[in-house]
Amino acid sequence: AIMISSVFFYILLYSHDNRRDLLTGLLNRQSFYDDCAIYKKSILAAASLDMNGLKELNDTKGHAEGDRALAVIGACLNDVTDRRTLAYRVGGDEFTILFLNSDEEEVRRTLQRVRDSVTAGGYSISAGYAMMADGKDLETILHESDRNMYGEKALYYRTAGTDRRARTDG
């Protein structure tokens, strides 16, 4: 009985660890894919978030400082998660939030809380969101939220006077 209980406990711990990003504590990319399938009918909005200035931070202060920044953003996102708000680290400095049975006002409030919290932590993010509407599927709103986030990111870099995508060779 003890052996069987130990095996089930190990499986539980193993499956939990496989769903989490170790640096941020957020759900990871595989969890995102799994949850998109599981909650497909309940997802009413998606938000895409991306850290501003990570490359410059890594280049000037080192990757340990970049990791600290990602951990701060992860903590900010963890603070807004609940049964209806699921946050994921889906790439290096890329994050996604899925909103289950949430209205647009709740999405806006949540993103503002995240922005304020990240700013208070000394960092900056760009965010965009999209709502599920007639004729839209999950893939469409994910692309739309990315597009909206990249629009905000472009504005951030124009306002800062640096275009990180500008090439200096040639």
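Distance alone, capped at 3.5 Å, is enough to place a donor-acceptor pair between the D137 side chain and the T140 backbone. Checked by atom type and distance alone, the side chain of R89 never pairs as donor or acceptor with a backbone atom of L26 at under 3.5 Å. T60 contributes a side-chain N or O that, together with a main-chain N or O of E56, makes up a donor-acceptor pair within less than 3.5 Å.
Cluster annotation: L100 is connected to Y33 through the hydrophobic network of ILVMFWY side chains, with a link wherever side-chain heavy atoms come within less than 4.5 Å. Taking hydrophobic clusters as Ile, Leu, Val, Met, Phe, Trp and Tyr residues chained together by side-chain heavy-atom distances below 4.5 Å, F99 shares a cluster with Y129. Under the 4.5 Å side-chain heavy-atom criterion for Ile, Leu, Val, Met, Phe, Trp and Tyr, L138 and I97 are members of distinct hydrophobic clusters. Grouping the Ile, Leu, Val, Met, Phe, Trp and Tyr side chains by contacts below 4.5 angstrom, directly or via other members, places I73 apart from Y150. Note on V90: it does not cluster hydrophobically with L54, by side-chain heavy-atom contacts below 4.5 Å among ILVMFWY residues.
With R108 as reference, E104 is the one residue of E104, E105, Q112 to meet the side-chain hydrogen bond (donor to acceptor under 3.5 Å, both in side chains) rule.
The two atoms that bring V72 and G121 nearest to each other are CG1-CA, 4.3 Å, heavy atoms only. For the residue pair C76 and V114, the shortest heavy atom distance occurs at O-CG2, 4.4 Å. In this structure, S124 and Y156 approach most closely via the heavy-atom pair OG-CE1, 3.5 Å. Residue D146 comes nearest to S48 through the heavy atom pair OD1-OG, 2.7 Å, listed as atom of the first residue, atom of the second, then distance.
No side-chain heavy atom of E152 sits under 4.5 Å from any side-chain heavy atom of N52. Annotation: side chain of F32 is not in contact with side chain of L86 (no heavy-atom distance under 4.5 Å). Side-chain contact between F95 and T24: present, with at least one pair of heavy atoms (C-beta onward) separated by less than 4.5 Å. Residues S102 and L44 are not in side-chain contact: their nearest non-hydrogen atoms beyond the backbone lie 4.5 Å or more apart. Within the 4.5 Å cutoff, side-chain heavy atoms of L27 are placed close to those of R20.
For the atom pair CG of L70 and OH of Y123, the computed distance is 9.0 Å after rounding to the nearest 0.5 Å. With rounding to the nearest 0.5 Å, the separation of CD1 in I43 from CE in M132 is 6.5 Å. To the nearest 0.5 angstrom, D103 atom CG is 6.5 Å from R109 atom CZ. Going from atom CG of L111 over to atom CE of M149 covers 12.0 Å, rounded to the nearest 0.5 Å. We find the CG-OH distance between D34 and Y88 to be 9.0 Å, quoted to the nearest 0.5 Å. The structure places CG of L77 at 10.5 Å from OG1 of T110, a figure rounded to the nearest 0.5 Å.
Identified under the side-chain hydrogen bond (donor to acceptor under 3.5 Å, both in side chains) test for residues 70-82, with sequence neighbours left out: D82-T85.
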Discussion item. Assess the residue pair M131 and I141 against the criterion (side-chain contact (heavy atoms from CB on, under 4.5 Å)); give the C-alpha distance rounded to whole Å, side-chain angles, the decisive distance to 0.1 Å, and a yes or no.
Written reply: CA-CA 7 Å; M131 301 297 297; I141 70 163; over 6 Å; no
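No side-chain donor from either of S145 and N148 sits under 3.5 Å from a side-chain acceptor of the other.
Heavy-atom neighbours of K61 NZ from other residues, nucleotides or ligands within 6.0 Å: at or below the threshold of 12.
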